[in-house]
Amino acid sequence: MTNNEKVLVVDFGGQYNQLIARRVRECNVYCEIISYRAGIEAIRAAAPKGIIFTGGPNSVYLEDSPTMDPAVFELGIPVLGICYGSQLMMHLLGGHVCRAPEREYGKTLVHVDTKSPMFQDVNPDTICWMSHNDYIETPAPGFAVTAYTDNCPVAAVENQEKNLYAVQFHPEVLHTQEGKKMLHNFVYEVCGCKGDWKMDSFVERSVTALREKIGDGKVLCALSGGVDSSVAAAMLSKAVGNQLTCVFVDHGLLRKNEMEQVCEIFGGGEFEMNFICVDARQRYYDKLAGVEEPEKKRKIIGEEFVRIFEEEAKKIGRVDFLVQGTIYPDVVESGLGGESTVIKSHHNVGGLPDYVDFKEIVEPLRDLFKDEVRQAGRELGLPEYLVSRQPFPGPGLAVRIIGEVTPEKVAMVQDADAIWREEIAKAGLEGQLSQYFAALTNMRSVGVMGDERTYDYAIALRAVTTVDFMTAESAEIPWSVLQTVTSRIVNEVKHVNRVLYDCTGKPPATIEFE
């Protein structure tokens, strides 16, 4: 989709693959992820300005560990190996990698050679994030050691002549204090990138590309009212004007009063588009009756979305393209990027049925992370209240209800969530939180209300802080706020007698419950 200069992240199963790509993009250099299985031909075809090998859980000297054709180092393209990637580079080029006498994990003082292009303007003694059981005992021939720690004699090496660099630590994580500077040095000083990945130029090029692709075709946009689909709709509106029809489906799984808000925003003439609202609440409740497994719920919701769009398209007449607000984390978590396993099928990626009755599905935001999508929205002139809106999953409250979805359970979650959001706003915490919501657990417990025994459901509250939604930390909510919310929920929401607060980060959890 993009004609920008590119850095390629080759994924060997590392948990930070998306974070590497995100950090490179923060340097205004476009970056995407491929699996090591794609092989050297895919790398050559991508014509990147630089290549980054990720970390991974394996040992390079064991049989069947992920590997790469050593010819990749002869392509004339700079390569940076990180953790497993550094060990693989050394292993393939004649160095010796073995089990470390002492495992290094966490923040570690690293002594670096500031004459190295990788460490320009970096402090000679800097804190980096280590996570390894193996280490480079002997560098490959032609490589010079450029960093070490008390326990790791080879924390970084380089062969400047061949533009090959390797670091045992993780520059992409925030715990590495000068990691962004190191990656900036790699993409600019080593790879020679100019930094042409800027959101204004991305929006301009995308609008032009969409206009050329669609021509005089008719476009149907799946509009949820969330940030991603709203930005996609704005981009398409700018590209093709009244050739665009946006369909909003009320599947009965929205937040309280959200259907009315979406219709007011998009059906009120503020945007130049044809707007259709479909009331499909009962249709979804019937389809979801008795279904408890999360992936099955997602698949059902995804397929119904497409079927409804097909029906609306037939009413409109000829429709050539279906537009969706798929973003890069959706692609990665659906198992379509790098070596990631399927975490969950997003209804607009892995949840689509095999057959879709459109000429083509258009996903103009597919290459962007969430904060990049927000910036694209600003470039398109969308109001801040819409651009900064919290993420809301495509399957809606179905993935915030553990187990079977019923209208009664939806009402419980809607009411509890409305109270949670209201009290967060009263406490002035909105700007400090990236995402917060209430979910309904499948747990029922004994309680006592009005001197009577109850046996009702438990609501779980969730609030996280994050930069890119690939990793997240549970937010520290003042106890007084939690007390107020708990009291209101158990008193105002029927069939709820217990409130829990989720303290789990991502990883190991996902932000959503299912």
Side-chain angles (χ1 to χ4, degrees), residues 1-2 4-35 46 48-56 80-83 85 128-129 131 167 169-188 191 193 195-199 201-203 227-228 231 325-340 343 346 349 363 365-379 387 391 434-435 464-473 505-507 510-511:
M1 177 178 172
T2 176
N4 299 81
E5 57 188 8
K6 179 191 305 180
V7 168
L8 210 57
V9 172
V10 180
D11 184 18
F12 291 92
Q15 60 179 317
Y16 300 130
N17 59 1
Q18 303 92 352
L19 206 50
I20 297 171
R22 187 66 195 91
R23 295 290 175 255
V24 172
R25 291 187 189 193
E26 287 173 358
C27 298
N28 294 323
V29 175
Y30 180 68
C31 187
E32 62 185 37
I33 302 166
I34 66 167
S35 167
K49 295 276 286 186
I51 300 165
I52 299 177
F53 285 2
T54 74
L80 169 63
I82 295 175
C83 199
C128 299
W129 183 259
S131 179
V167 294
F169 51 84
H170 289 272
E172 71 275 18
V173 302
L174 295 178
H175 301 304
T176 297
Q177 293 178 352
E178 298 178 272
K180 185 174 179 180
K181 190 181 294 183
M182 297 172 192
L183 289 172
H184 186 280
N185 285 339
F186 177 69
V187 298
Y188 282 94
C191 300
C193 292
D196 63 357
W197 174 247
K198 296 182 176 67
M199 203 44 62
S201 57
F202 169 81
V203 169
V227 176
D228 304 335
V231 173
T326 309
I327 67 174
Y328 200 51
D330 298 340
V331 176
V332 171
E333 290 193 340
S334 294
L336 302 180
E339 277 295 291
S340 296
I343 298 171
H346 292 258
V349 187
E363 297 171 317
L365 311 177
R366 188 182 178 91
D367 295 329
L368 303 186
F369 287 92
K370 177 66 74 174
D371 54 323
E372 294 173 324
V373 173
R374 295 189 196 280
Q375 187 55 37
R378 295 183 183 99
E379 293 291 339
V387 171
S434 305
Q435 190 170 354
V464 300
T465 58
T466 179
V467 174
D468 50 24
F469 288 84
M470 300 310 301
T471 61
E473 293 183 356
K506 175 187 180 181
T510 56
I511 293 176

>> If the condition is side-chain contact (heavy atoms from CB on, under 4.5 Å), which residues does Ser201 pass it with, not counting sequence neighbours?
In response: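 Only Lys198, Arg205 meet the side-chain contact (heavy atoms from CB on, under 4.5 Å) criterion with Ser201.
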
>> Gln375: which residues meet the side-chain contact (heavy atoms from CB on, under 4.5 Å) condition with it, sequence neighbours left out?
In response: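 Result, side-chain contact (heavy atoms from CB on, under 4.5 Å) vs Gln375: Met199, Arg378, Glu379.
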
Heavy-atom closest contact ([X] atom, [Y] atom, distance):
X: Ser131; Y: Cys83; value: O-SG, 3.4 Å
X: Leu368; Y: Ile327; value: O-CB, 3.4 Å
X: Phe169; Y: Met182; value: CE1-SD, 3.5 Å
X: Ala472; Y: Val464; value: CB-CB, 4.1 Å
X: Pro507; Y: Thr471; value: CD-CG2, 4.2 Å

Considering only heavy atoms from C-beta outward, does the side chain of [X] approach that of [Y] to under 4.5 Å?
X: Ile511; Y: Gln435; value: yes
X: Cys31; Y: Val9; value: yes
X: Val167; Y: Ile82; value: yes
X: Asn28; Y: Tyr188; value: yes

Please report the interatomic distance [atom1]([X]) to [atom2]([Y]), rounded to the nearest 0.5 Å.
X: Gln18; Y: Thr54; atom1: CD; atom2: OG1; result: 10.0 Å
X: Thr176; Y: His170; atom1: OG1; atom2: NE2; result: 8.0 Å
X: Gln177; Y: Cys128; atom1: CD; atom2: SG; result: 8.5 Å
X: Ile33; Y: Leu8; atom1: CD1; atom2: CG; result: 9.5 Å
X: Ser434; Y: Asp371; atom1: OG; atom2: CG; result: 10.0 Å
X: Phe53; Y: Asn17; atom1: CZ; atom2: CG; result: 14.5 Å

> Lys49: what forms a salt bridge (charged side-chain N to carboxylate O under 4.0 Å, His left out) with it, not counting sequence neighbours?
Replying inline: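 If we apply the salt bridge (charged side-chain N to carboxylate O under 4.0 Å, His left out) test to Lys49, skipping adjacent residues, there are no hits.
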
> salt bridge (charged side-chain N to carboxylate O under 4.0 Å, His left out) with Lys180: which residues, sequence neighbours excluded?
Replying inline: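 Only Glu26 meet the salt bridge (charged side-chain N to carboxylate O under 4.0 Å, His left out) criterion with Lys180.
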
>> So does Gly179 get a backbone contact from the side chain of Glu172, meaning a donor-acceptor N/O pair under 3.5 Å?
In response: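 No, the answer is negative, given that no donor and acceptor are paired below the 3.5 Å cut-off.
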
> For Arg366, does its backbone N or O pair with a side-chain atom of Thr326 as donor and acceptor, under 3.5 Å?
Replying inline: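 No; zero donor-acceptor contacts below 3.5 Å.
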
> Can you list the residues that meet the ring-ring contact (aromatic ring centres under 6.0 Å, His included) rule with Phe186, with sequence neighbours excluded?
Replying inline: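 For Phe186 there are no ring-ring contact (aromatic ring centres under 6.0 Å, His included) partners, ignoring immediate neighbours.
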
>> Holding to side chain to side chain donor-acceptor pair (under 3.5 Å), I want the full list of residues that pass it with Asp228, two or more places apart in sequence or in another chain.
In response: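 If we apply the side chain to side chain donor-acceptor pair (under 3.5 Å) test to Asp228, skipping adjacent residues, the hits are Lys370.
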
>> List the residues meeting side chain to side chain donor-acceptor pair (under 3.5 Å) with Arg374, not counting sequence neighbours, and say none if there are none.
In response: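 Side chain to side chain donor-acceptor pair (under 3.5 Å) list for Arg374, sorted by chain: empty.
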
>> With side chain to side chain contact (heavy atoms under 4.5 Å, CB included) as the criterion, how do Val24 and Trp197 come out once you've worked through the C-alpha distance, each side chain's angles and the decisive distance to 0.1 Å?
In response: CA-CA 10 Å; Val24 172; Trp197 174 247; over 6 Å; no

